[in-house]
Amino acid sequence: MTTPIYERALGGDFARLQPELQEYFSLAPGSGRYGVGEGVFDVVGCRQQWLRPLLRLTAGEEAFFPEYGERIPFRIENHAHLDPFGRSSLTARREIQFPGRTRLFHDTTSFDDSRSKPGLVDYVGRYRRLVTDLNLSVTAEGRLRGVSESSRLFLGALRIPLPAALDAKAYAEQWWEPAEGENGKHRIQVKVIQPQLGLVLVYAGSFDYRLRSYPGQTAGQGHLPGYARPDRWESRV
């Protein structure tokens, strides 16, 4: 079994994470287990009404969506696996249950060591056409912070780096809140901000999380359930 990708990216700082976060990010290919989280977003979606028609045009990518709501139930599954190119990866599949419509939002985070500075790259959406570099850090309280750096679009054979004036950055923080609920809960908050448009996407909420075993025989390192696979894989960074 390989080392979890977040541990590889953080190095010695991984041990500074809250124990519950270490467990959350401990999935590795070949472990035979996957993670399931269920909870409620206090807020989720696009707050700016004038921007929602534009996001409606891109909703088929299953990365951004035009809805906005409060107290919205959601479910996330985390699957650790080797991608088709042999990279250790973690695929997350989220179901956001807006009234009358469930939106999917999924991505694959891979550890890439093909460049001079190894690290995590995140491929977003059902076609994995948008990729961004992830910069991780651990706070003094043991929370995990992540900031997306430069992004690229892959349109056919084209690789299009997004200039800073157009690129949207995601700011994420995840932690364990022992005082929430009877036994504590995971909490997450994410903001996606674009310099020209402002706040494009926000989600923040709490959830319970558990590890489950894959049914049947032990899953190999490349195992990813069919419903969690993207419509297209991307190897370029």
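If you read the sequence from its start, that first residue is 1, and numbering goes on from there.
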| said: For Asp42 and Glu70: C-alpha separation, side-chain torsions, deciding distance, then whether side-chain contact (heavy atoms from CB on, under 4.5 Å) applies. | reply: CA-CA 5 Å; Asp42 301 319; Glu70 299 178 359; over 6 Å; no
| task | Begin with the C-alpha distance, continue with both residues' side-chain angles, and end with the deciding distance and a verdict on side-chain contact (heavy atoms from CB on, under 4.5 Å) for Thr108 and Arg128. | result | CA-CA 8 Å; Thr108 295; Arg128 304 308 198 251; 2.8 Å; yes
| task | Starting from the C-alpha separation in whole Å, work towards a yes-or-no answer on side-chain contact (heavy atoms from CB on, under 4.5 Å) for Arg87 and Val237. | result | CA-CA 12 Å; Arg87 295 177 300 186; Val237 294; 3.8 Å; yes
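Arg52 contributes a side-chain N or O that, together with a main-chain N or O of Cys46, makes up a donor-acceptor pair within less than 3.5 Å. One N or O on the side chain of Gln194 and one on the backbone of Ala165 form a donor-acceptor pair closer than 3.5 Å. Proximity of a side-chain donor or acceptor of Arg232 to a complementary backbone N or O of Tyr127 within less than 3.5 Å is detected. With hydrogens and angles ignored, the 3.5 Å screen pairs no side-chain donor or acceptor of Glu23 with any backbone N or O of Gln18. Judged by distance alone, the side chain of Arg159 and the main-chain N or O of Arg236 form no donor-acceptor pair under 3.5 Å. Without hydrogens or angle criteria, Gln22 side chain to Leu17 main chain gives a donor-acceptor distance under 3.5 Å. Ser89 places no side-chain N or O within 3.5 Å of a backbone atom of Ser110 that could act as its donor or acceptor partner.
Placement of Leu57 and Val124 within a single hydrophobic cluster is found when ILVMFWY residues are connected by side-chain heavy-atom separations under 4.5 Å, directly or transitively. Hydrophobic clustering (side-chain heavy atoms under 4.5 Å, transitive across Ile, Leu, Val, Met, Phe, Trp, Tyr) keeps Val121 apart from Leu90. Hydrophobic clustering places Ile5 together with Leu136 (ILVMFWY residues linked when any side-chain heavy atoms are closer than 4.5 Å, directly or through intermediates). Clustering ILVMFWY residues whenever any of their side-chain heavy atoms sit less than 4.5 angstrom apart, transitively, puts Ile188 in a cluster other than the one holding Trp176. When hydrophobic clusters are built by joining Ile, Leu, Val, Met, Phe, Trp and Tyr residues whose side-chain heavy atoms come closer than 4.5 Å, directly or via intermediates, Tyr203 is not grouped with Val40.
For the pair Phe25 and Leu144, the minimum side-chain heavy-atom distance is below 4.5 Å. Within the 4.5 Å cutoff, the side chain of Leu211 has heavy atoms near those of the Leu27 side chain. Side-chain contact between Val192 and Leu199 is absent, with no heavy-atom pair separated by less than 4.5 Å. In this structure, the side chains of Val190 and Leu201 stay at 4.5 Å or more apart for every pair of heavy atoms. Contact check for Ile72 versus Ile96: side-chain heavy atoms found under the 4.5 Å cut-off. You'll find the side chain of Val44 stays beyond 4.5 Å of the side chain of Val202, heavy atoms only. Between Arg126 and Pro230, every side-chain heavy-atom pair lies at or beyond the 4.5 Å cut-off. Looking only at side-chain heavy atoms (C-beta outward), Arg152 and Asp133 come within less than 4.5 Å of each other.
Sorted by first and then second residue, the salt bridge (Lys or Arg N to Asp or Glu O under 4.0 Å) pairs with a member in residues 26-37 form an empty list; sequence neighbours excluded. Among pairs with a residue in residues 57-66, those fulfilling side chain to side chain donor-acceptor pair (under 3.5 Å) read Glu61-Arg129, Glu62-His106, at least two apart in sequence or across chains. Sorted by first and then second residue, the ring pair (Phe, Tyr, Trp, His ring centres under 6.0 Å) pairs with a member in residues 49-70 read Phe65-Phe98; sequence neighbours excluded. Legend: side chain to side chain donor-acceptor pair (under 3.5 Å) pairs involving residues 160-174, not counting sequence neighbours, sorted by first then second residue: Arg143-Glu173, Arg145-Glu173, Ser151-Asp167.
Interatomic distance, CG of Leu134 versus CG of Asp122, reported as 5.0 Å (0.5 Å rounding). Distance check, rounded to the nearest 0.5 Å: OG1 of Thr3 to CZ of Arg8 gives 6.5 Å. Rounded to the nearest 0.5 angstrom, Asp83 CG and Leu224 CG are separated by 10.0 Å. Between the CG atom of Leu120 and the OG atom of Ser148 there is a distance of 12.5 Å, given to the nearest 0.5 Å. Taking CZ of Phe74 as the reference point, atom CZ of Phe41 lies at 4.0 Å (rounded to 0.5 Å). In this structure, CG in Asp208 is found 8.5 Å from CG in Asn183, a value given to the nearest 0.5 Å.
In this structure, a donor-acceptor pair under 3.5 Å is present between the side chains of Glu77 and Tyr227. No hydrogens or angles considered: a donor-acceptor pair under 3.5 Å links the side chains of Glu180 and Ser206. For the 3.5 Å distance criterion, the side chains of Asp112 and Ser114 qualify, holding a donor opposite an acceptor. Side-chain atoms of Tyr214 and His79 form a donor-acceptor pair, as typed in the model, at a separation below 3.5 Å.
Between Tyr6 and Phe14, the ring center distance fails the sub-6.0 Å criterion.
Ring geometry for His186 against Tyr24 counts as tilted: the plane angle lies between 30° and 60°, on a 0 to 90° scale.
Salt bridge status for Arg75 with Glu38: present, with a side-chain N to carboxylate O gap under 4.0 Å. At a threshold of 4.0 Å, the pair Asp107-Arg94 counts as salt-bridged, since one of the basic side-chain nitrogens sits closer than that to a carboxylate oxygen.
Annotation: side-chain contact (heavy atoms from CB on, under 4.5 Å) contacts of Arg16 (sequence neighbours excluded): Asp13, Val138. Under the rule for a side chain to side chain donor-acceptor pair (under 3.5 Å), the partners of Tyr209 that lie at least two apart in sequence or sit in another chain are Asn78.
Among all heavy-atom pairs drawn from Pro29 and Gln221, the shortest one is CB-O, 3.6 Å. Nearest heavy atoms, Phe111 versus Pro118: CZ-CB, 3.9 Å. In this structure, Gly142 and Leu21 approach most closely via the heavy-atom pair O-CD1, 3.5 Å.
Summarising the local packing, CZ of Arg210 is surrounded by more than 12 heavy atoms from other residues, nucleotides or ligands at distances under 6.0 Å. The 12-atom threshold is exceeded at CD of Gln196, counting heavy atoms of other residues, nucleotides or ligands nearer than 6.0 Å.
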